[in-house]
**Q** 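Below you will find the structure I want to go over with you.
The structure presented is a predicted model; accordingly, all values stated were derived computationally and were not measured.
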Amino acid sequence: MDGLTVQSWRRFGNDRLYVNDASGRTVGYFDRKASKLHVDDPAMQYAVLEVLAPFLGNEAPALQHHAAMQPVVAGRDLAGNIAGAAVAQQAARLRPALVQRWVAKLLGQRTAATSWDVGAQGERIVGRRLERLREGGWQVLHSIPLVSGADIDHLLIGPGGIFTVNTKHHRGARVTVTRDWVRVNGHQYPYIRNSRHEAAGAARRLRGALGRPVEVRGVVVFVGAGSLKVRHAPADVLVTSDEAVASLMGSRPYALGPDVVRGVFQMARQSRMWSS
């Protein structure tokens with residue numbers, strides 16, 4: 001959170017560092033004698049630690065590690081979300097009765113739920129591949145609901161950075177990417193622009209929760225494409241296939257330490273961070 005300041009206070013045998021917001025309200029303090037951090041709102045602990053760090057010396061890493069290991073204290077825990085769950089729920093709402101589904105299948109017709117079912121299947125495929133990255137120190141969240149009613153397919157947090165992963169299931173299609181333009185069987189789609197917008201939105205929310213700038217990059221993953229040609233890669237969005245996404249992300253250059261990964265994950269898994 002912007003505007004936090006630190007004030008030293010020594011009275012009555014106490015030695016504390018108080019953290020105040022822009023209005024002068026105290027949001028937490030560090031007791032130097034007891035080496036203990038006190039924060040009223042657990043969602044503020046990383047912001048408080050960030051502004052206190054220059055004053056804590058060797059104690060800062062230990063406090064950050066302790067905060068990262070704390071359990072989720074508010075809001076629904078998104079860590080239990082299943083890949084494709086939000087899309088599958090929408091498909092279920094739109095799915096016709098059994099007889100109508102049987103007739104549509106017999107006639108080779110698509111129902112209102114068909115595209116949602118295909119999307120959910122694609123998200124599950126990518127979700128399984130991303131889960132493999134946990135062995136390398138990554139954390140992943142699936143189907144993060146947003147205030148707008150949309151959702152983030154996957155949020156990946158690990159040694160290589162933070163990424164919003166958007167899944168596009170185009171079985172057997174010809175996909176061509178030229179900078180910001182994506183064509184699927186000759187038809188143009190705004191996938192790159194949307195991915196960029198999604199990543200920027202996630203970065204803003206994480207910054208508000210953590211109290212410091214956070215870099216988030218978008219990734220577009222094509223599932224089941226017959227061919228994928230990236231003629232000119234977008235400058236700020238990664239484009240790959242479901243077969244290659246795990247190796248691509250696992251090979252990203254080192255950017256975040258284990259404690260930072262845990263800390264960001266602990267914040268990101270709280271539903272209230274995305275819905276407030």
**Q** In terms of hydrophobic clustering (I, L, V, M, F, W, Y; side-chain heavy atoms under 4.5 Å; direct or indirect links), are Phe30 and Val6 co-clustered?
**A**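 Yes, same cluster.
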**Q** With rounding to the nearest 0.5 angstrom, report the CD to CZ distance, Gln188 to Arg183.
**A**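 Interatomic distance, Gln188 CD to Arg183 CZ, rounded to 0.5 Å: 4.5 Å.
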**Q** Which heavy atom of His169 sits nearest to which heavy atom of Gly122, and what is that distance?
**A**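 Looking at all heavy atoms of both residues, the shortest contact is ND1-N, 3.4 Å.
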**Q** How long is the gap from CH2 on Trp9 to CG on Asp31, to the nearest 0.5 Å?
**A**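 Interatomic distance, Trp9 CH2 to Asp31 CG, rounded to 0.5 Å: 9.5 Å.
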**Q** Closest approach of Phe265 and Ala79, non-hydrogen atoms and distance?
**A**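 Shortest heavy-atom contact: CZ-CB, 4.1 Å.
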**Q** Under 4.0 Å between a side-chain nitrogen and a carboxylate oxygen: does that hold for Arg193 and Asp180?
**A**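 No salt bridge links Arg193 with Asp180.
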**Q** Where does the angle between the aromatic ring planes of His170 and Phe222 fall among parallel (under 30°), tilted (30 to 60°) and perpendicular (over 60°)?
**A**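 Ring orientation of His170 relative to Phe222: tilted.
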**Q** Shortest non-hydrogen contact from Pro234 to Val177?
**A**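 For Pro234 and Val177, the tightest heavy-atom pair comes out as CD-CG1, 4.2 Å.
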**Q** How about Val19 and Thr5: do any of their side-chain heavy atoms sit closer than 4.5 Å?
**A**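 Not in contact.
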**Q** Could you pull out all residues at least two apart from Arg128 that satisfy side chain to side chain contact (heavy atoms under 4.5 Å, CB included)?
**A**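 With neighbours one apart ignored, the set is Arg124, Ile125.
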**Q** Supply the atom-to-atom distance Leu256 CG to Ile157 CD1, rounded to the nearest 0.5 angstrom.
**A**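 Leu256 atom CG to Ile157 atom CD1 measures 9.0 Å (nearest 0.5 Å).
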**Q** Do Glu131 and His142 have side-chain atoms, one donor and one acceptor, less than 3.5 Å apart?
**A**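 A donor-acceptor contact under 3.5 Å links the two side chains.
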**Q** What's the spacing between Thr240 OG1 and Arg129 CZ if we round to 0.5 Å?
**A**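 Separation between the atoms: 10.0 Å.
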**Q** Please give me the minimum heavy-atom distance between Pro159 and Gly136, naming the atom from each residue.
**A**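 Closest pair (atom of Pro159, atom of Gly136, distance): CG-O, 3.6 Å.
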**Q** Would you find more than 12 non-hydrogen atoms of other residues, nucleotides or ligands less than 6.0 Å from Glu135 atom CD?
**A**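 No, CD of Glu135 has 12 or fewer neighbouring heavy atoms, counting only those of other groups under 6.0 Å.
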**Q** Can you tell me which residue among Val175, Val221, Leu228 is in a side chain to side chain contact (heavy atoms under 4.5 Å, CB included) with Ser241?
**A**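 Among the candidates, only Leu228 passes.
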**Q** Verify whether one side chain among Thr26 and Asn20 offers a donor that lies under 3.5 Å from an acceptor in the other.
**A**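 The answer is yes; a qualifying pair exists.
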**Q** Just by modelled atom types, is the Thr167 backbone N or O under 3.5 Å from a matching donor or acceptor in the Asp153 side chain?
**A**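 Yes.
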**Q** So, the side chain of Trp274 versus the backbone of Ala268: is there a donor-acceptor pair under 3.5 Å, distance only?
**A**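 A pair under 3.5 Å: yes.
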**Q** Does a salt bridge link Lys33 with Asp15, judged by any charged N lying under 4.0 Å from a carboxylate O?
**A**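 Here Lys33 does not pair with Asp15 in a salt bridge, since their nearest N and O are not under 4.0 Å apart.
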**Q** Do Val264 and Trp138 share a hydrophobic cluster (ILVMFWY, side-chain heavy atoms under 4.5 Å, transitive)?
**A**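 As far as the 4.5 Å side-chain criterion goes, Trp138 and Val264 are not connected within one cluster.
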**Q** Is the shortest side-chain heavy-atom distance between His154 and Val126 below 4.5 Å?
**A**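 Yes, close enough: below the 4.5 Å cut-off.
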**Q** Kindly write out the residues that satisfy side chain to side chain contact (heavy atoms under 4.5 Å, CB included) with His232, not counting sequence neighbours, or none if the list is empty.
**A**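 Counting only residues at least two positions away or on another chain, His232 forms a side chain to side chain contact (heavy atoms under 4.5 Å, CB included) with Thr178, Arg179.
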**Q** Classify the ring geometry of Tyr191 against Tyr189: parallel below 30°, tilted from 30° to 60°, perpendicular beyond 60°.
**A**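 The arrangement is parallel - the two ring planes meet at less than 30°.
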**Q** If every non-hydrogen atom of Ser227 is compared with every non-hydrogen atom of Arg174, which pair is closest and at what distance?
**A**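 Closest heavy-atom pair between Ser227 and Arg174: OG-CA, 3.6 Å.
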**Q** How close do Val245 and Asp242 get, heavy atom to heavy atom, and via which atoms?
**A**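 Minimum heavy-atom contact is CG1-O, 3.4 Å.
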**Q** Can you name the ring-ring contact (aromatic ring centres under 6.0 Å, His included) partners of His38, sequence neighbours left out?
**A**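 Result, ring-ring contact (aromatic ring centres under 6.0 Å, His included) vs His38: Tyr29.
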**Q** Go through Val220 and Leu238 one step at a time and tell me if the side chain to side chain contact (heavy atoms under 4.5 Å, CB included) criterion holds.
**A** CA-CA 6 Å; Val220 179; Leu238 299 175; over 6 Å; no
**Q** From the options Leu156, Leu133, Val165, select the one residue that forms a side chain to side chain contact (heavy atoms under 4.5 Å, CB included) with Val140.
**A**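 Among Leu156, Leu133, Val165, the one meeting side chain to side chain contact (heavy atoms under 4.5 Å, CB included) with Val140 is Leu156.
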**Q** Between Ile152 and Glu198, is any pair of side-chain heavy atoms under 4.5 Å apart?
**A**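 When only atoms from C-beta onward are counted, Glu198 and Ile152 do touch, with a gap below 4.5 Å.
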**Q** Got a sec, which residues hit side chain to side chain contact (heavy atoms under 4.5 Å, CB included) with Val216, two or more places apart in sequence or on another chain?
**A**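 Val216 satisfies side chain to side chain contact (heavy atoms under 4.5 Å, CB included) with Ile162, Thr164, Ala199, Ala202, Ala203, Leu206, Val214 only.
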**Q** Which residue pairs pass the salt bridge (charged side-chain N to carboxylate O under 4.0 Å, His left out) test when at least one of the two sits in residues 216-239, sequence neighbours left out?
**A**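 Listed by first then second residue: Arg196-Asp236.
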**Q** To the closest 0.5 Å, what do you measure between CG (Leu78) and OG (Ser275)?
**A**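 Taking CG in Leu78 and OG in Ser275, the distance rounds to 8.5 Å.
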**Q** Grouping I, L, V, M, F, W and Y whenever their side-chain heavy atoms are under 4.5 Å apart, do Tyr18 and Leu37 come out in a common cluster?
**A**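 Result: no, two separate clusters.
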**Q** Working note: Arg212 + Arg207, criterion side chain to side chain contact (heavy atoms under 4.5 Å, CB included); need CA distance, chi angles, decisive distance, verdict.
**A** CA-CA 5 Å; Arg212 58 183 173 81; Arg207 176 183 178 180; 5.9 Å; no
**Q** Indicate yes or no: does Arg269 engage Asp77 in a salt bridge with an N to O separation below 4.0 Å.
**A**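 Salt bridge flag = yes for Asp77 with Arg269.
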**Q** Tell me who clusters with Trp181, hydrophobic residues only, linked when side chains sit under 4.5 Å apart either directly or through other members.
**A**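 Joined to Trp181, directly or through intermediates: none.
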**Q** Check the hydrophobic clustering (I, L, V, M, F, W, Y; side-chain heavy atoms under 4.5 Å; chains of links allowed) and say if Leu141 and Met267 are grouped together.
**A**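 Linked, Leu141 and Met267 end up in one cluster.
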**Q** With Ser195 as reference, evaluate Val219, Val237, Val182, Val239 under the side chain to side chain contact (heavy atoms under 4.5 Å, CB included) test and give the passing residue.
**A**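 The single option meeting the side chain to side chain contact (heavy atoms under 4.5 Å, CB included) with Ser195 is Val237.
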**Q** Could you give the distance from CE (Met249) to CZ (Phe163), rounded to the nearest 0.5 Å?
**A**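 The CE atom of Met249 sits 3.5 Å away from the CZ atom of Phe163.
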**Q** Can a donor-acceptor pair be found, under 3.5 Å and without considering hydrogens, that links the side chain of Arg171 to the backbone of Ala225?
**A**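 Pair absent, no side-chain N/O of Arg171 close to backbone of Ala225.
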